[in-house]
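Notes follow once the structure below has been shown.
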Amino acid sequence: MAVMVPGKNESQRFLCTLALLLCAIPALAKDAPLAVIDWPLTGTPVVRFTFGKFKTLPGMGSLHGYVMETTAENLSARVIPSARFSVYLFDKAKVRVGEDAISLSNVGPGETVRFQTTVMASGQPVSVSINEKTDAAKTVSLTVNSTPQGALLKVDGVEAGVTPRLITVGAGKHALAFSKEGFKAGEFPLEIGRDDVSGGSISYELGAAFFDSIELRDGSVLNGDLVSISGMDVEIRVGGNLQHLDRNRIKRIMLVQRDAPRQDLPTPSSPQQ
């Protein structure tokens with residue numbers, strides 16, 4: 001039986017190949033991402049996040065700063081107009097030691113977005129997870145006013161005070177209802193988007209008044225039917241009762257345009273022959 005003994009050259013080639021493989025293993029491990037996460041976690045994935053390994057940022061004091069090379073790939077056949085995610089960092093004991101946020105905007109089908117995620121942590125992170133930020137927690141503050149002011153405001157059927165009024169509403173569709181004595185009530189549809197911010201304002205003009213209005217110098221308003229105005233006296237019917245006001249107490253009078261009453265005229269007689 002013959003035994004084949006490798007030659008010197010073949011042994012050298014084998015050792016060189018083995019050395020190259022041993023050098024390549026750390027390089028491959030170095031390039032491997034920290035985590036690849038598909039969202040949503042159940043069902044058909046829409047976005048695939050790839051997080052690179054943590055790189056320490058120097059000079060952060062008691063906290064630890066890290067940066068991760070991150071990519072987000074749209075796996076769906078539709079544009080992602082806007083999406084927001086929370087990023088959580090965990091240490092070896094599965095304790096959350098930091099968090100940050102990711103926002104995506106107008107990502108086309110099959111498109112990949114590359115960016116850096118910078119996070120602060122109270123410990124050494126070793127793993128990462130994500131959760132979508134829902135609109136339920138988002139609120140926006142805005143000022144609601146009316147013409148005239150002082151209208152009772154209801155937000156989704158709940159009284160919110162009189163205008164002008166600062167309100168806080170969540171994302172989604174809402175109904176603002178306005179009512180004021182002597183004016184036609186009305187509603188205003190309001191929709192808050194996920195990208196809307198606080199600080200806006202809305203002004204609603206109430207319908208034409210049913211009654212004449214007399215605004216007094218103390219800020220109060222009387223709504224009724226103006227009967228007469230003299231040099232020192234104003235007469236107005238409020239709720240069926242006549243009231244007399246001193247002209248010096250009145251700041252402004254607002255009259256409602258009414259149709260002129262039709263007079264019952266006699267039927268013209270036929271000319272006498």
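We use all heavy atoms of the structure for the numbers below, so side chains are in, but hydrogens, waters and symmetry mates are not. Along the sequence shown, residues are numbered consecutively beginning with 1.
- Within 6.0 Å of the CZ atom in R217, the count of heavy atoms belonging to other residues, nucleotides or ligands exceeds 12.
- Ring geometry for Y204 against F178 counts as parallel: the plane angle stays under 30°, on a 0 to 90° scale with 60° as the upper cut.
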Side chain to side chain contact (heavy atoms under 4.5 Å, CB included) between L142 and T168: does it pass, once the steps are laid out?
CA-CA 7 Å; L142 66 159; T168 300; over 6 Å; no
Are H174 and I192 close enough, and set up right, to give a side chain to side chain contact (heavy atoms under 4.5 Å, CB included), and what steps lead you there?
CA-CA 8 Å; H174 304 275; I192 302 297; 4.3 Å; yes
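- With hydrogens and angles left out, the side-chain atoms of T117 and T70 include a donor and acceptor closer than 3.5 Å.
- The backbone N or O of P148 sits less than 3.5 Å from a side-chain atom of S146, completing a donor-acceptor pair.
- Side-chain atoms of R78 do not come within 3.5 Å of backbone N or O of P109 as any donor-acceptor pair.
- For the pair T118 (side chain) and V67 (backbone), a donor-acceptor distance under 3.5 Å is absent.
- Within a 6.0 Å sphere centred on CD of E205, heavy atoms belonging to other residues, nucleotides or ligands number 12 at most.
- A distance of 6.0 Å or more separates the ring centres of W39 and F49.
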Given side chain to side chain contact (heavy atoms under 4.5 Å, CB included), test I236 with I214 step by step and report yes or no.
CA-CA 9 Å; I236 184 173; I214 297 179; 3.7 Å; yes
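- Separation of atoms CG (L216) and CZ (R252) is listed at 11.5 Å; rounding is to 0.5 Å.
- A donor-acceptor pair under 3.5 Å links the side-chain atoms of N74 to the main chain of V107, judged by distance alone.
- Remark: the backbone N or O of R249 is not paired with any side-chain donor or acceptor of D246 at under 3.5 angstrom.
- Under a 3.5 Å cut-off, the side chain of S220 and the backbone N or O of D218 do not form any donor-acceptor pair.
- Proximity of L57 to Y66: side-chain heavy atoms (C-beta onward) are nowhere separated by under 4.5 Å.
- With hydrogens and angles ignored, the 3.5 Å screen pairs a side-chain donor or acceptor of R165 with a backbone N or O of A160.
- By the 4.5 Å heavy-atom criterion applied to side chains, P164 and Q149 are counted as neighbours.
- Not a single donor-acceptor pair under 3.5 Å links the side chain of N131 to the backbone N or O of S86.
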Should K184 and L206 be marked as a side chain to side chain contact (heavy atoms under 4.5 Å, CB included) after you check the CA-CA gap, both sets of side-chain angles, and the distance that decides it?
CA-CA 6 Å; K184 295 179 181 178; L206 292 165; over 6 Å; no
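- Taking the side chain as every heavy atom from C-beta outward, V155 and L176 approach each other to under 4.5 Å.
- In the model, E69 has a side-chain atom that pairs as donor or acceptor with a side-chain atom of Q116 under 3.5 Å.
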